[in-house]
Novice: 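What follows is a structure written as structure tokens; I'll ask about it next.
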Amino acid sequence: MAGAQPRKRKGATEERTAAAHRPVARVLVDVPLPVHLDRPFDYLVPDRLDADAVPGCRVRVRFRGKLVDGYLLERNETTDFQGTLSWVERVPSAEPVLTPELLEMARAVATRYGGMLADVVRLAIPPRHAGAEKKAPREPGPPPARPGTDGWARYQHGQSFLDALHAGRSARAVWQALPGEDWPARLAEAAATAASAGRGALIVVPDHRDLQRVHDACAGLLGDEVVALAAELAPAERYRRWLAVLRGASRVVVGTRAAMFAPVHDLGFAAVWDDGDDLHSYPQVPYPHTRDVLTQRAHVAGAALIVGGFARTAEAALLAESGWAHELVAHRTEVRAAAPRVTAIGEDDTQLARDPAARAARLPSVGFEAARAALGAGAPVLVQVPRRGYVPALACGDCRERARCRRCAGPLALPGGSEGGAPKPAACSWCGAAEAAFKCGNCGSRRLRAIAVGAGRTAEELGRAFSNVTVRTSGAGEVLATVPAKPALIVCTPGAEPVAEGGYGAALLLDGRTLLARPELRAAETTLRLWFDAAALVRPARDGGRVVVMAESSLQPVQALVRWDPAWFASLELAERAELGFPPARRVAAVDGTPEAIEALLDSADLPDSAEILGPVPLGEVDEDGNSERERLIVRVDRAEGRALASSLHAAQAIRAARKAAELQVRLDPLEML
DNA sequence: AGCACGCCGACT
DNA sequence: GTCGGCGTGCTC
């Protein structure tokens with residue numbers, strides 16, 4: 001080692017000696033720090049900690065004078081550090097939690113998002129709980145028997161997919177679940193197939209209710225072999241289960257987004273369900289997405305992968321169209337046999353019901369009749385009502401297509417703080433360009449209109465329209481898991497729909513127009529996903545199942561629902577994103593920071609050739625000169641240069657961040673923001 | 001974030 | 001000469 005001698009601390013009672021072999025510990029310190037410190041530091045292992053200080057274990061070290069947590073990455077004979085090494089002060093546990101696979105995965109994720117390794121590791125390893133280390137099991141049981149997989153026979157190549165999975169080939173698929181599909185059972189069968197071949201499996205779902213369903217389905221096939229991981233678990237229990245996975249005792253993991261990093265041994269199968277749900281986006285730096293992380297993991301591990309749902313995202317469409325994944329879809333005749341009958345009711349052709357109470361609830365007669373028929377047949381009826389809320393945004397005054405910037409296709413909005421004085425012209429919220437002469441790209445109209453989102457019908461109004469029928473609600477306050485096969489109106493906000501025993505007799509999807517007109521990039525995709533997720537809970541048309549959606553039948557998302565063709569819409573959506581320069585066709589970074597920091601970044605950053613710079617636009621309060629304390633810059637590049645973009649932004653932060661920590665915030669493909 | 005090193009003004 | 005201002009840079 002390069003002349004590194006231990007520093008003698010004053011007051012130290014014992015003289016410390018470095019371990020005889022590989023005394024240098026390479027340590028990842030776990031402190032929120034500027035990007036230029038996103039690298040390991042070397043410490044000396046005292047001989048009394050020699051046995052415990054194994055690669056992957058937690059350590060306590062002195063960093064900038066303070067005792068901090070860290071992970072021992074590796075042990076070496078020498079160091080490149082010129083100064084005096086500090087000691088590893090403590091090894092809280094010899095449990096090697098940061099395994100080489102986990103470290104490699106965390107590195108890959110950090111690189112992809114231009115983020116810091118320590119941030120990813122913090123998401124991937126739950127907080128330690130000493131008691132759990134004694135309790136968690138160490139030994140895996142024998143592999144379970146291969147399960148029956150007849151449920152997959154309805155899908156083209158379904159059986160061969162499972163055969164490939166069983167044979168350990170890395171089959172990857174975008175799966176469109178049939179309406180009414182018992183998807184937890186299908187995913188459980190795939191996981192159990194991997195387990196029966198002695199390999200691990202990981203299924204990640206959006207929320208706790210889905211987790212419960214998938215866990216139950218897996219437990220039926222796998223018993224104790226399956227473990228549920230969720231961030232909401234009590235710390236001790238969470239750590240105990242996580243350790244059981246780390247030690248290989250539990251081969252099959254189901255969980256919510258935090259489980260995307262679960263250290264499953266010999267991963268043979270990974271799945272993300274309903275990847276369009278925002279809950280799959282981890283809301284902490286560097287904001288990894290379940291689908292991204294699982295595709296990465298499946299790739300590295302040579303594992304099979306399912307990106308599944310009733311709907312399909314543009315990202316999933318890209319996986320399929322690029323050939324990286326196959327399609328796992330049913331034949332059209334199967335789809336038609338399973339789907340409910342869908343009717344679209346636009347604003348213009350709305351015939352309000354004759355019944356005065358139904359009129360008051362603004363129910364169209366078609367919806368009213370469908371609901372009454374279903375209730376009469378003894379079935380529950382689902383009513384989906386968008387959440388309350390308000391988003392100030394602009395749409396075409398005539399065709400109501402979202403108003404987009406002619407330069408960069410960013411969303412147009414009215415600048416904030418416009419009380420009094422002359423109304424300010426609309427401006428692009430990305431590049432800041434004012435739009436004085438808007439012309440709709442869709443219909444050519446020059447008129448703009450402000451749009452509001454989420455004024456929904458209420459349960460009481462419906463209760464009056466259907467007197468003597470039980471009305472139950474499921475939403476933000478209380479989410480129902482299931483409802484019995486009895487006549488009832490189940491009023492839900494999107495995503496909170498309970499599963500009905502035997503399926504709903506009908507579903508009414510209200511306020512489709514406001515949902516579709518929201519300013520977000522993914523408004524149409526998300527709306528269609530919410531519709532498919534609700535409509536999939538309805539009985540097939542041959543059993544009387546009906547869906548009435550309140551939106552113009554001429555709109556593409558509405559057509560996709562009526563024809564039950566999620567793949568068709570996702571493909572259109574992907575093509576449109578490509579045309580407008582949005583993810584996933586291109587990669588977009590949003591960089592927030594002070595005007596000085598943004599300027600310094602633009603001066604120094606070595607951005608890829610294809611980089612297109614939009615803005616910066618002010619964020620938050622704007623003074624009279626149009627300046628603000630923080631700005632947002634959008635950088636977009638060709639997909640092939642996504643890696644280069646991430647790394648150049650990472651490097652640019654490092655140069656700049658030497659002075660002040662966290663001066664710039666970088667987010668890659670920030671879909672929720674666009 | 002804290003903490004050390006370093007290069008110019010007011011003082012004994 | 002030398003005490004100390006806080007600008008600049010580093011953190012094993």
Side-chain angles (χ1 to χ4, degrees), chain A residues 1-12 14-50 52-92 94 96-98 103 106-107 110 115-122 125 284-286 592-594 596-597 599-601 603-605 629-630 650-666:
Chain A
M1 31 187 261
Q5 282 303 311
R7 175 192 300 156
K8 281 170 194 155
R9 292 203 301 117
K10 62 178 176 182
E14 38 156 358
E15 277 298 310
R16 285 185 276 202
T17 340
H21 298 289
R22 299 187 177 274
V24 176
R26 181 145 289 175
V27 172
L28 175 72
V29 290
D30 183 18
V31 267
L33 278 176
V35 188
H36 70 290
L37 292 183
D38 189 20
R39 60 192 161 85
F41 294 88
D42 285 346
Y43 288 83
L44 272 180
V45 178
D47 54 4
R48 74 187 161 85
L49 297 178
D50 188 29
D52 283 350
V54 296
C57 75
R58 292 173 212 264
V59 291
R60 298 275 289 169
V61 294
R62 217 163 274 282
F63 188 74
R64 43 146 112 120
K66 290 222 267 280
L67 264 185
V68 301
D69 294 315
Y71 297 92
L72 196 157
L73 302 182
E74 55 187 24
R75 295 206 24 193
N76 297 314
E77 282 305 333
T78 61
T79 177
D80 291 337
F81 185 57
Q82 299 300 309
T84 309
L85 293 183
S86 286
W87 293 100
V88 172
E89 298 286 344
R90 245 159 49 75
V91 177
V97 288
L98 186 52
L103 179 61
R107 279 217 167 96
M116 296 199 276
L117 179 60
D119 288 332
V120 181
V121 169
R122 206 170 304 124
I125 302 180
Q284 279 177 58
V285 282
D592 291 3
T594 61
E596 302 75 49
E599 199 188 328
L601 174 120
D603 286 346
S604 61
E629 290 187 9
R630 297 185 64 72
H650 186 267
Q653 287 179 87
I655 295 165
R656 180 65 193 174
R659 189 77 202 96
K660 277 185 198 156
E663 213 175 22
L664 291 170
Q665 280 91 45
V666 174

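Protein chains get the first letters and strands the later ones, always in sequence-line order, with residue 1 at the start of each.
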Novice: Has Lys66(A) got a side-chain N or O lying under 4.0 Å from the OP1 or OP2 atom of dA1(B)?
Specialist: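 For dA1(B), neither OP1 nor OP2 has a side-chain N or O of Lys66(A) closer than 4.0 Å.
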Novice: Expressed as a whole number of angstroms, how long is the span from Leu67(A):CG to dA1(B):P?
Specialist: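 Spelled out: CG on Leu67(A) to P on dA1(B) is 21 Å.
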Novice: Rounded to whole Å, please give me the gap between CZ in Arg60(A) and P in dC12(C).
Specialist: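 Taking CZ of Arg60(A) and P of dC12(C), I get 15 Å after rounding.
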Novice: Tell me whether Asp69(A) is salt-bridged to Arg122(A), with the criterion being a basic N under 4.0 Å from an acidic carboxylate O.
Specialist: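 No salt bridge links Asp69(A) with Arg122(A).
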Novice: To the nearest 0.5 Å, what is the distance between OG1 (Thr78(A)) and CZ (Arg22(A))?
Specialist: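 These two atoms lie 9.5 Å from each other.
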Novice: Do the side chains of Glu74(A) and Arg26(A) get close enough for a salt bridge, i.e. N-O under 4.0 angstrom?
Specialist: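 Result for this pair is yes, salt bridge flagged.
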Novice: For side chain to side chain contact (heavy atoms under 4.5 Å, CB included), just list the numbers for His650(A) and Asp38(A), CA-CA rounded to whole Å, side-chain angles, deciding distance to a tenth of an Å, and then say yes or no.
Specialist: CA-CA 10 Å; His650(A) 186 267; Asp38(A) 189 20; 3.1 Å; yes
Novice: Report the distance from atom CH2 of Trp87(A) to atom P of dT11(C), rounded to the nearest whole Å.
Specialist: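 Rounded to the whole Å, the gap is 20 Å.
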Novice: Check the distance between dC12(C)'s P and Asp38(A)'s CG and give it to me in whole angstrom.
Specialist: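 Distance check: Asp38(A) CG to dC12(C) P gives 16 Å.
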Novice: Could you tell me the separation between the CG atom of Leu85(A) and the P atom of dT11(C), rounded to a whole number of Å?
Specialist: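 It is 12 Å, rounded to the nearest whole Å.
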Novice: Does Phe81(A) lie flat on the base of dC12(C), that is, centres under 5.5 Å apart and planes under 30° off?
Specialist: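 The base of dC12(C) is stacked with Phe81(A) (centres under 5.5 Å, planes under 30°).
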Novice: Whole angstroms only, please: what is the CG-P distance between Leu44(A) and dC12(C)?
Specialist: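 Whole-Å distance recorded here is 13 Å.
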Novice: Taking CG from Asn76(A) and C1' from dC12(C), how many angstroms apart are they, rounded to a whole number?
Specialist: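 So the two atoms are 13 Å apart, to the nearest Å.
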Novice: Once you round it to whole Å, what is the distance between C1' of dC10(C) and CZ of Arg64(A)?
Specialist: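 To the nearest whole Å, that distance equals 11 Å.
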